[in-house]
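Presented below is the structure to which this report refers.
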Protein chains: 2
Amino acid sequence: MLTIGKLSKTAGVKVPTIRYYEEIGLLPEAERSAGNQRLYGTATMDRLSFIRHARDLGFTLEAIRDLLSLSDTPDQSCAAADQIAKAQLVAVRDRLVRLRALEVELERMIVQCAQGTIADCRVIKVLGNHDLCSHEHNQKDQAVQ
Amino acid sequence: MLTIGKLSKTAGVKVPTIRYYEEIGLLPEAERSAGNQRLYGTATMDRLSFIRHARDLGFTLEAIRDLLSLSDTPDQSCAAADQIAKAQLVAVRDRLVRLRALEVELERMIVQCAQGTIADCRVIKVLGNHDLCSHEHNQKDQAVQ
DNA sequence: CTTAATGTCTCTAGCAACTAGAGGTTCAAG
DNA sequence: CTTGAACCTCTAGTTGCTAGAGACATTAAG
């Protein structure tokens with residue numbers, strides 16, 4: 001049986017985050033020692049690794065909750081899991097497109113900065129005037145995280 | 001003079017967001033009409049467009065606050081603005097690298113999904129077992145937004 | 001001139017996904 | 001037996017907004 005600290009180290013998830021996952025029901029309530037400390041077995045370890053890995057891949061906790069409930073009922077078709085992963089891929093590609101556009105524009109801003117005073121600083125100018133930025137990032141777009 | 005609604009439409013920033021920016025001091029306190037409604041001139045319009053554009057480029061509100069205070073004192077060197085933009089570029093590139101890795105892994109997961117049952121679903125398996133994922137996304141990495 | 005619809009006001013609370021801190025208890029090593 | 005690390009619960013804070021309640025302002029139509 002692992003204490004929360006050991007589990008934290010092994011899974012690469014911080015201690016308060018583990019407690020948080022328990023609180024929101026992503027992890028089951030842990031067994032407790034005589035002194036009320038949480039104890040974990042390999043099942044929770046696996047579940048936590050799953051969560052960790054999915055978080056690395058950018059899945060939201062909600063999506064992870066769905067994936068976990070799917071994996072708890074292994075007899076059904078995996079179409080739903082596939083669907084979640086595909087939606088995630090679409091989101092990732094969308095962010096990629098936008099980030100590449102940002103990269104290009106930031107490069108342009110920086111390269112053209114003449115190292116003069118703020119008064120003719122390209123960075124400030126481009127931010128202040130959308131027309132100066134040759135790139136097509138729609139003003140209606142949301143910021144890319 | 002524009003009402004907050006017109007400003008919102010023109011700048012592409014939602015009404016509550018404008019009030020929020022005022023609250024946190026990114027925008028100055030607005031003039032008021034006889035009936036206590038906010039009124040804006042072109043100066044605030046420009047400032048809001050600046051903020052909007054910088055948010056599009058992924059700058060945090062803190063970075064934007066710095067950029068704005070720089071642009072308020074146009075006589076100094078633009079090195080600081082350049083610095084902020086460069087840091088932003090580094091962050092963007094970092095996110096790009098991680099997102100590309102995620103894209104590759106998600107593609108692999110999905111392609112290999114045999115449309116069978118959950119029991120042999122590639123998506124679930126890869127998430128549950130880090131060794132199955134041929135890609136090098138360090139378990140210590142943070143999730144990419 | 002009145003009425004209705006829309007716009008605006010303030011205020012509080014909520015979202016994701018944690019993180020930080022206070023103040024107290026338990027455990028393992030020496 | 002003591003010390004110090006690890007653990008407990010609880011509350012509050014983070015970022016960048018968004019949603020809703022209940023009240024007042026403004027505008028367009030009849």
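In what follows, chains carry the letters A, B, and so on, assigned in the order in which the sequence lines appear, proteins first and then strands, with residues in each chain numbered from 1. The model shown is predicted, which means the values in this text are computed figures rather than measured ones. Below, each value reflects all heavy atoms present in this structure, side chains not excepted, and no hydrogens, waters or symmetry copies.
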OH-CG distance between B/Y20 and B/L61, expressed to the nearest 0.5 angstrom: 5.5 Å

For atom CE of B/M1 and atom P of D/dT26, their distance in whole Å: 15 Å

Sequence-distant partners of A/E107, side-chain contact (heavy atoms from CB on, under 4.5 Å), two or more places apart: A/E103, B/L89, B/R93

Interatomic distance, A/L2 CG vs D/dA6 P [rounded to whole Å]: 15 Å

Interatomic distance where CG belongs to A/L7 and P belongs to D/dC7 [whole Å]: 10 Å

Side-chain N or O of A/R38 closer than 4.0 Å to phosphate OP1/OP2 of D/dT9: yes

From B/L48 atom CG to B/H53 atom NE2, the distance as rounded to the nearest 0.5 Å: 13.0 Å

Nucleotide-resolved protein contact map, nucleotides 22-30 of chain C, B/S/- at heavy-atom distance under 4.0 Å: ----SS---

Gap between atoms CD1 and C1', on B/I4 and C/dC9 respectively (whole Å): 10 Å

Minimum-distance nucleotide to B/T60 side chain [options: C/dA17, D/dG16, D/dC7]: D/dG16

Side chain to side chain donor-acceptor pair (under 3.5 Å) partners of A/E62, counting only residues at least two apart: A/R65

B/R55 CZ to D/dT18 C1', straight-line distance once rounded to whole Å: 14 Å

Spacing of B/E62 atom CD relative to D/dG13 atom P, expressed in whole Å: 17 Å

Under-4.0 Å side-chain N/O to phosphate OP1/OP2 contact, B/R32 with C/dT10: yes

Residue-level proximity of residues 16-30 of chain A to DNA chain D when a heavy atom falls under 4.0 Å: A/R19

Linked hydrophobic residues, A/M1 as query - side chain contacts closer than 4.5 Å: A/L39

Interatomic distance, B/E31 CD vs C/dT8 P [rounded to whole Å]: 16 Å

From CD1 (B/I51) to CG (B/D56), nearest 0.5 Å: 12.0 Å

B/T44 side, atom OG1; B/Y21 side, atom OH - distance, nearest 0.5 Å: 14.5 Å

Backbone N/O of A/K6 and side chain of A/T10: donor-acceptor pair under 3.5 Å: yes

Counterpart residues, side chain to side chain donor-acceptor pair (under 3.5 Å), relative to A/E22 (two or more places apart): A/R38

Nucleotide of D/dC17, D/dT9, C/dT19 approaching A/K14 most closely (side-chain heavy atoms): C/dT19

Rounded distance in Å - CZ (B/F59) to P (D/dT15): 18 Å

